[in-house]
Amino acid sequence: MDKQTIVLVQTSWKSVEAIAPQAAALFYANLFEANPALKSLFKGDMTVQGKKLMQMIGAAVGQLNDLEALVPILQGLALRHDDYGVEEKDYQAVGAALLKTLQQGLGDAFTADVKNAWASVYGVMADVMIAASAKSS
């Protein structure tokens, strides 16, 4: 990940954080629209789940300059997601829902460069999580 990618993601995330509850609701609406079967993986209060999601993304975005610290966090997250029933194929739907949510939340600020930066960062994170899941199986 190059410095410009990190800056674009971290800068745009600040705007998303300002609308975190709405962004979380949009994310899950987008995710369940794209893949309704994933809804069965969520058992609790979706408002609480959305808050956890926003905190997790914020923490990950904040650690982009320190991948050595971020990778073990993502690996642990992947193992927890395994316990919830998340499968490798689900990461694609999550990535698409994330990008759609960012587009909705950021509006005109969701430029091609911002989109590409987020896609790159999510790709790296998903790859780390998928590898951790595969290794634990």
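Numbers for residues simply follow the sequence, beginning at 1.
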At what distance, to the nearest 0.5 angstrom, does [atom1] of [X] lie from [atom2] of [Y]?
X	Y	atom1	atom2	answer
Thr111	Leu8	OG1	CG	6.5 Å
Leu74	Leu79	CG	CG	11.0 Å
Phe110	Trp118	CZ	CH2	9.0 Å
Leu38	Glu33	CG	CD	13.0 Å
Phe27	Ile57	CZ	CD1	6.5 Å
Tyr91	Met129	OH	CE	3.5 Å

Stepwise side chain to side chain contact (heavy atoms under 4.5 Å, CB included) test for Lys52 and Val48: CA-CA 6 Å; Lys52 289 179 183 178; Val48 172; 3.9 Å; yes

Any link between [X] and [Y] through a network of hydrophobic side chains (Ile, Leu, Val, Met, Phe, Trp, Tyr) touching at under 4.5 Å?
X	Y	value
Leu26	Tyr122	no
Val94	Leu41	yes
Leu102	Met56	yes
Val114	Val124	yes

Given Gln104 and Asn30, is the side chain to side chain contact (heavy atoms under 4.5 Å, CB included) satisfied, shown in steps? CA-CA 10 Å; Gln104 292 166 321; Asn30 292 331; 2.7 Å; yes

Which one of Leu70, Val71, Ile73, Leu67 satisfies the side chain to side chain contact (heavy atoms under 4.5 Å, CB included) criterion with Val128?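 Going through the options one by one, the only one that passes is Val71.
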
For residues 58-81, pull every pair meeting side-chain hydrogen bond (donor to acceptor under 3.5 Å, both in side chains), keeping only residues two or more places apart or in separate chains.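 side-chain hydrogen bond (donor to acceptor under 3.5 Å, both in side chains) check on residues 58-81 returns no pairs.
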
Quick one: does Thr5's side chain have a donor or acceptor within less than 3.5 Å of a partner on Met1's backbone?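 Not at all, since once roles are kept as given, no pair shorter than 3.5 Å links the two residues.
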
I'd like to know if the side chain of Lys43 and the backbone of Ser40 have a donor-acceptor N/O pair within less than 3.5 Å.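 Yes, because the side chain of Lys43 sits within donor-acceptor range (under 3.5 Å) of the backbone of Ser40.
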
On a heavy-atom basis, which atom in [X] and which in [Y] lie closest, and how many Å separate them?
X	Y	result
Leu106	Ser12	CD2-O, 3.6 Å
Ala60	Met125	CB-CE, 3.6 Å
Gly85	Asp90	O-OD2, 4.1 Å
Ala23	Val16	CB-CG1, 3.8 Å

Kindly write out the residues that satisfy salt bridge (charged side-chain N to carboxylate O under 4.0 Å, His left out) with Glu88, not counting sequence neighbours, or none if the list is empty.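 Listed in chain order: nothing, the list is empty.
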
Residues in salt bridge (charged side-chain N to carboxylate O under 4.0 Å, His left out) with Glu17, at least two apart?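 None.
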
ring-ring contact (aromatic ring centres under 6.0 Å, His included) between Phe42 and Phe32, worked out: CA-CA 11 Å; Phe42 296 88; Phe32 300 149; 5.5 Å; yes

Please walk me through it: do Ser136 and Asp82 pass side chain to side chain contact (heavy atoms under 4.5 Å, CB included)? CA-CA 9 Å; Ser136 74; Asp82 287 348; 3.5 Å; yes

Would Leu53 and Tyr28 count as a side chain to side chain contact (heavy atoms under 4.5 Å, CB included) if you check the C-alpha gap in whole Å, the side-chain angles of each, and the deciding distance to 0.1 Å? CA-CA 10 Å; Leu53 173 74; Tyr28 286 113; 3.6 Å; yes

Count the heavy atoms belonging to other residues, nucleotides or ligands that lie under 6.0 Å from CD of Gln92, then report whether that count exceeds 12.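 No, because the 6.0 Å sphere around CD of Gln92 holds 12 heavy atoms or fewer from other groups.
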
